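Contents: one structure, followed by commentary.
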Amino acid sequence: SQPLQPHIALFPTAGMGHLTPFLRVAAMLASYNVTVTLITPQPTLSAAESDTIASFFAIHPQINRLDFHIIPYNSPTPDDPFFSHWEATNRSLHLLHPLISSLSPPLTAIFSDFALATNMIPIADRLQIPTFILFTTSARFLSLMAYYPFLTSPEISNADANHIPIPGLANIQKSSIPPPLLHPGKSLFTSTLASNILSFSKVEGILLNSFEYFESETITAFNNGQVQSGFPPILPIGPIAPTGLVQGDHPLPWLNEQPAKSVVYISFGSRTSMSKDQIRALGDGLDRSGHRFLWVLKGNKVDKEDKEGLEELLSESFLERTKNKGIVVKGWVSQEDILQHPAVGGFVSHCGWNSVMEAALHGVPVLAWPLHGDQRINAEVVEKSGLGLWERQWGWGGEKLINEQEIGEKIKVIMEDEILRAKAFNVGKEARKAVEKNGGSEKVLARVINSLNP
Ligand code: BUP
């Protein structure tokens, strides 16, 4: 008879930055012949998420879909809609056990988003199966989170120090810490993080979309117990492979016409918008750099609300002046396809972690322009690994207006500096090596799967 295969349930939370790695891991597990159930929170927050989920199941019919209906939650404070959605999901989790306890074959493990860990562990315990966290950002950010309970201790938070010491690792600059974390209790982001971090030590392992070469110091310090004793194993399995979903507006025909490495790609992720003044300065900076560009522009945080036309964000003269040199796209593009396109030679990025890993996989030099959340800490990783540049003085996005001259100069550097290009190319080589058969990340994933007992 056939040996029994593990059956893993995956549960992502709201936001493309969270959904994307879960879909990719689901597809990877299915390719190892694991039975996979993807729990999909309903309703989703954005159209991008629901469209992506629908396309995903269309090309992965072997993956089971389990819709999980979330009880609406109206936050009493005006919070980021993404974090309200996380809160609503957490408040609905008592409904999960009956749904998953009767699955056939029975579940052998749950891969949970970190934002659900505390409520997920008792559910998995009742089923007598392990919980793994699939962590959606950098190991470096995890080191800050591991240290979070100390961060809010009076000695640290009252200290004037500009640096936060992380045991076993380099200090983290206070200016890189997401401001809400320094004011505990004031936002859903902080309270979700605080209530889940203490559960980390109870999970079987933390799967990470990163790879040994990229964050070796941090991964090693964790796994030697230097950051915190009793922390579960850190399991780097990245860069997790793209799923091959093709969707959205397609600038590829235009890209196909451009010379190799001649185009700078600009995107600040799925949940970030910039001020109109900054958008204008960025446009002028692109123009000044003299390079061709492909710019994905968003005017709003949640796509459903994003109705503004290009003409309202950029002047007609800009669009006219640059029409032979660049294109500006509003709406969803297939970033996976863009970053692996031979015409793309640089990436101006907010440093959402998925974007960083996608750039790493293809060795595309990055100009880091972090705007909020984990992004400054991710930018530090980008700089240190050799994948790109980070201009710290630019601060958090939106804090001050960065002028077109500075922007144009930095874009020229990522597009023209041969040393930077060679370093980024090398990162790409190491990234692909990690995910090949018997590469570092591939071996870690295979070991996790083999450790599960159906
Ligand atoms: Br925008 C956009 N097409 O048009 P991050 C994004 N993506 O494929 P975020 C597209 O969404 P957080 C688009 O390739 C990446 O996989 C992109 O995740 C894809 O940033 C994902 O880079 C976006 O982690 O999330 O969404 O801002 O802030 O939570 O990290």
Side-chain angles (χ1 to χ4, degrees), residues 12-25 27 44-49 51-53 55-56 80-83 85-86 113-115 134-138 140-142 178 180 189 192-193 208-210 238-252 265-274 294-304 306 327-341 344 347-362 364 366 368-379 381-382 387-388 396-397:
T13 50
M16 284 304 291
H18 290 245
L19 179 63
T20 302
F22 273 82
L23 297 182
R24 290 176 178 172
V25 170
T44 59
L45 184 68
S46 66
E49 289 165 70
D51 292 351
T52 301
I53 290 170
S55 321
F56 179 78
D80 182 316
F82 288 90
F83 304 140
H85 200 279
W86 293 5
D113 193 279
F114 82 83
L134 173 53
F135 196 66
T136 48
T137 176
S138 54
R140 185 63 169 147
F141 194 75
L142 182 64
F189 171 66
T192 306
L193 194 136
L208 201 70
N209 181 16
S210 191
I240 49 185
T243 52
L245 285 181
V246 175
Q247 49 181 344
D249 294 336
H250 248 261
L252 292 184
Y265 168 59
I266 303 98
S267 171
F268 295 98
S270 64
R271 33 177 275 104
T272 305
S273 59
M274 274 185 164
L294 163 51
W295 184 6
V296 177
L297 185 56
K298 283 174 63 68
N300 240 317
K301 200 173 230 169
V302 180
D303 51 15
K304 281 190 264 208
D306 199 0
I327 52 171
V328 187
V329 185
K330 198 94 193 310
W332 200 253
V333 295
S334 195
Q335 180 165 302
E336 288 176 10
D337 291 329
I338 293 171
L339 285 173
Q340 65 183 316
H341 198 286
V344 172
F347 180 16
V348 180
S349 170
H350 69 314
C351 292
W353 192 247
N354 296 292
S355 295
V356 171
M357 278 297 111
E358 289 158 15
L361 186 61
H362 301 296
V364 179
V366 168
W369 192 343
L371 306 184
H372 54 68
D374 53 348
Q375 295 158 11
R376 273 179 78 96
I377 290 187
N378 298 346
V381 180
V382 165
L387 183 63
W396 291 100

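Start at 1 with the first residue, then count along the sequence. Because the structure is a prediction, the values reported are computed rather than measured. In listed order, ligands and their atoms are each counted from 1.
Taking 4.5 Å as the limit, some side-chain heavy atom of Met357 sits within range of a side-chain heavy atom of Ser210. Side-chain contact between Phe82 and Thr13 is absent, with no heavy atoms from C-beta onward closer than 4.5 Å. Side-chain contact between Phe347 and His362 is absent, with no heavy atoms from C-beta onward closer than 4.5 Å.
By the 4.0 Å heavy-atom criterion, Gln375 is counted among the residues contacting ligand 1.
Evaluation of the ring-ring contact (aromatic ring centres under 6.0 Å, His included) rule for His18 yields Trp86 as partners, not counting sequence neighbours.
Looking at Asn354, Thr13, Leu23, Leu19, it is Asn354 that brings a heavy atom closest to atom 18 (O) of ligand 1. Scanning Gly269, Pro242, Ser355 for the heavy atom closest to atom 22 (O) of ligand 1 points to Ser355. Selection from Met16, Met357, Glu336, Glu358 by nearest heavy atom to atom 15 (C) of ligand 1 gives Glu358.
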request  = Give the intermediate values and the outcome of side chain to side chain donor-acceptor pair (under 3.5 Å) for residues Thr137 and Asp374.
outcome  = CA-CA 8 Å; Thr137 176; Asp374 53 348; 2.7 Å; yes
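An N or O contact shorter than 3.5 Å links Gln335 to ligand 1 by distance. Here's the thing with Ser267: none of its N/O atoms is less than 3.5 angstrom from an N/O atom of ligand 1.
Contact annotation: for Trp332 versus ligand 1, heavy atoms closer than 4.0 Å belong to both the backbone and the side chain. Here Val333 has heavy atoms under 4.0 Å from ligand 1 in both its backbone and its side chain.
The side-chain contact (heavy atoms from CB on, under 4.5 Å) test with Gln335 is passed by exactly one of Ser267, Ser270, Ser349: Ser267.
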